[in-house]
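Here is the structure we will look at.
No experiment lies behind these values; they were computed from the predicted model shown.
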Amino acid sequence: MSAATSARLTEAELRAQEKAAKRAEKERQKRIARDEAAERKRSEKAGFANVNNPRRSTLMTILCAIFAVYCLFPFVYLAINATKTQADFTSTFGLGFGKTFALWDNIVTVFTYQGGIFGRWLINTLLYVVVGAGGATLLAIMGGYALAKFRFPGRKAVFAVIIGSISVPGIALAVPQFLLFAKLGLTNTPWAMIIPSLISPFGLYLMWIFSEQAVPTELLEAARVDGASEFRTFWTISLPLLAPGIVTTALFTIVATWNNYFLPLIMLKDADWYPLTIGLNQWKDQASTAGGQAIQNLVITGSLITIIPLVIAFLCLQKYWQSGLAAGAVKE
């Protein structure tokens, strides 16, 4: 009899414990809800949004929309006007389509006009980018890594020179470069574009800072203890860790070389060595010459074709680029 009573008491105690646990859980949920509400109020008063409970800002949405329109407007203008004939380009509204959809005809004419000179300009630009920007990226990688991971006399002086080089605009060096290359007999040759493009002080500084943060010194010391040479350590261990910084530096140098205008303007006279920037500008000014024909529709179409490779490069590499820009922003 006593055993049955003891069993019933045990069941009653279990039910009581379950009810107490449920009440405690409800109280905990209420406390969490109150704390979250209070946190949201504090964040609103301070002007910040809780990461877990973000609030929308109408003002920021409007500002971002205006900025997006400002950035996309030139591209939309190019895309619309590249579909027009020359007659429609001069007689219709700039943001409206013409009477004839001539995009494909314009593309074909761009690559066949003046004996297909546009294709030559495109190849020249790719040459300057691959050799010049590619070489600048490679030099920046090796130089930045060496400055970050090796200690040698004069390292601070090198840092001062790099910072000073970044502060000097490239346009200010164009004329001295032209005089130097003229003495060497390199003007009006591809070397006049490639050699200056090999130097990227900003890329070197970026890789220096990125290498300092991305490559642990302990990892390099472990590789040296295992008998790996410095060359093998760099190519097999450090280089994969530097991938985001490499892509970021490459994008900066590619864009700078692709859009370079003033340097080829003073260095090159032969149209066969023009990059796209100078070639399209020559087409634009063609109407102002004696007996010249206005071909704004070809200039617009050529400009649209010119920016497509850069757009593709940014879309494909943006995740590496963003992580490269954010490197070192948070200290762990």
Apply the test side chain to side chain contact (heavy atoms under 4.5 Å, CB included) to residues Arg34 and Lys30: give CA-CA distance (whole Å), side-chain angles for both, the deciding distance (0.1 Å), then the verdict.
CA-CA 6 Å; Arg34 287 196 300 268; Lys30 290 180 181 179; 3.7 Å; yes
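Ring geometry for Trp235 versus Phe231: interplanar angle of 30 to 60°, hence tilted. Ring-plane geometry between Tyr274 and Trp121 is classed as tilted, the angle between the planes lying from 30 to 60 degrees on a 0 to 90 degree scale.
Of the possible polar contacts, one joining the Thr253 side chain to the Ala250 backbone as a donor-acceptor pair under 3.5 Å is found. Proximity of a side-chain donor or acceptor of Trp258 to a complementary backbone N or O of Leu276 within less than 3.5 Å is not detected. Proximity of a side-chain donor or acceptor of Asn188 to a complementary backbone N or O of Asp270 within less than 3.5 Å is detected. Of the possible donor and acceptor atoms, none in the side chain of Asp226 sits under 3.5 Å from a partner among the backbone N and O of Ala228. Thr90 places a side-chain N or O within 3.5 Å of a backbone atom of Ala87 that can act as its donor or acceptor partner. Side chain of Gln296 to main chain of Gln86: no donor-acceptor pair is present (N/O by atom type, distance under 3.5 Å, no hydrogens or angles).
Side-chain contact check for Tyr145 and Ser238: at least one donor-acceptor pair (N or O, by modelled atom type) lies under 3.5 Å. The closest side-chain donor-acceptor pair between Tyr128 and Asn260, if any, does not fall under 3.5 angstrom.
Distance check, rounded to the nearest 0.5 Å: NZ of Lys156 to CG of Leu147 gives 14.0 Å. Note: Trp191 CH2 to Leu184 CG = 13.0 Å, rounded to the nearest 0.5 Å. Residue Thr112 holds its OG1 atom at 11.5 Å from CD1 of Ile107, rounded to the nearest 0.5 Å. Rounded to the nearest 0.5 angstrom, Leu304 CG and Ile300 CD1 are separated by 9.0 Å. How far CG of Leu206 is from OG of Ser211: 9.0 Å, rounded to the nearest 0.5 Å. To the nearest 0.5 Å, the span separating CD1 on Ile237 from CZ on Arg224 amounts to 9.5 Å.
For CZ of Phe150, the number of neighbouring non-hydrogen atoms (other residues, nucleotides, ligands) closer than 6.0 Å is greater than 12. Other residues, nucleotides and ligands contribute at most 12 non-hydrogen atoms within 6.0 Å of the CZ atom of Phe67. For OH of Tyr113, the number of neighbouring non-hydrogen atoms (other residues, nucleotides, ligands) closer than 6.0 Å is greater than 12.
Side-chain contact between Thr92 and Phe97 is absent, with no heavy-atom pair separated by less than 4.5 Å. By the 4.5 Å heavy-atom criterion applied to side chains, Lys26 and Gln29 are not counted as neighbours. Counting heavy atoms from C-beta on, the side chains of Asn259 and Leu310 come closer than 4.5 Å. Annotation: side chain of Met193 is not in contact with side chain of Trp273 (no heavy-atom distance under 4.5 Å). At a threshold of 4.5 Å between non-hydrogen side-chain atoms, the residues Leu268 and Pro275 count as touching. At least one side-chain heavy atom of Ile141 sits less than 4.5 Å from a side-chain heavy atom of Phe234. You'll find the side chain of Phe210 stays beyond 4.5 Å of the side chain of Leu241, heavy atoms only. In this structure, the side chains of Asn297 and Lys84 stay at 4.5 Å or more apart for every pair of heavy atoms.
The hydrophobic clustering, which links ILVMFWY residues whose side-chain heavy atoms are closer than 4.5 Å, places Ile266 and Phe181 together. Under a hydrophobic clustering in which Ile, Leu, Val, Met, Phe, Trp and Tyr are joined whenever their side-chain heavy atoms come within less than 4.5 Å, directly or via other members, Ile117 and Ile295 fall into the same cluster. Both Leu298 and Phe101 sit in one connected hydrophobic cluster of ILVMFWY residues. Membership requires side-chain heavy atoms under 4.5 Å apart, directly or through other members. When the side chains of ILVMFWY residues are joined at heavy-atom separations under 4.5 Å, either directly or via intervening members, Ile194 and Leu173 end up in two distinct hydrophobic clusters. If you chain together hydrophobic residues whose side chains sit under 4.5 Å apart, Tyr261 and Val299 fall into the same group.
Residues Leu198 and Gly132 come closest through the heavy atom pair CD2-O, 3.6 Å. The minimum heavy-atom distance between Ala192 and Leu186, with the atom names listed, is CB-O, 3.5 Å. Closest non-hydrogen pair, Ala82 versus Asn106, comes out as O-ND2, 2.7 Å. Thr249 and Ala140 make their closest contact through CG2-CB, 4.1 Å (heavy atoms, listed as atom of the first residue, atom of the second, distance). Considering every non-hydrogen atom in both Lys149 and Arg151, the closest pair reads C-NH1, 4.1 Å. Across all non-hydrogen atoms, the minimal contact from Gly143 to Leu204 is C-CD1, 3.4 Å.
Applying the ring pair (Phe, Tyr, Trp, His ring centres under 6.0 Å) rule to Phe202 yields the partners Phe252; only residues at least two apart in sequence or on another chain are considered.
The residues Lys22 and Glu25 are annotated as not salt-bridged, no charged nitrogen and carboxylate oxygen being separated by less than 4.0 angstrom.
Under the side chain to side chain contact (heavy atoms under 4.5 Å, CB included) test applied with Ser303, the options Asn81, Thr277, Leu280 reduce to a single match, Leu280.
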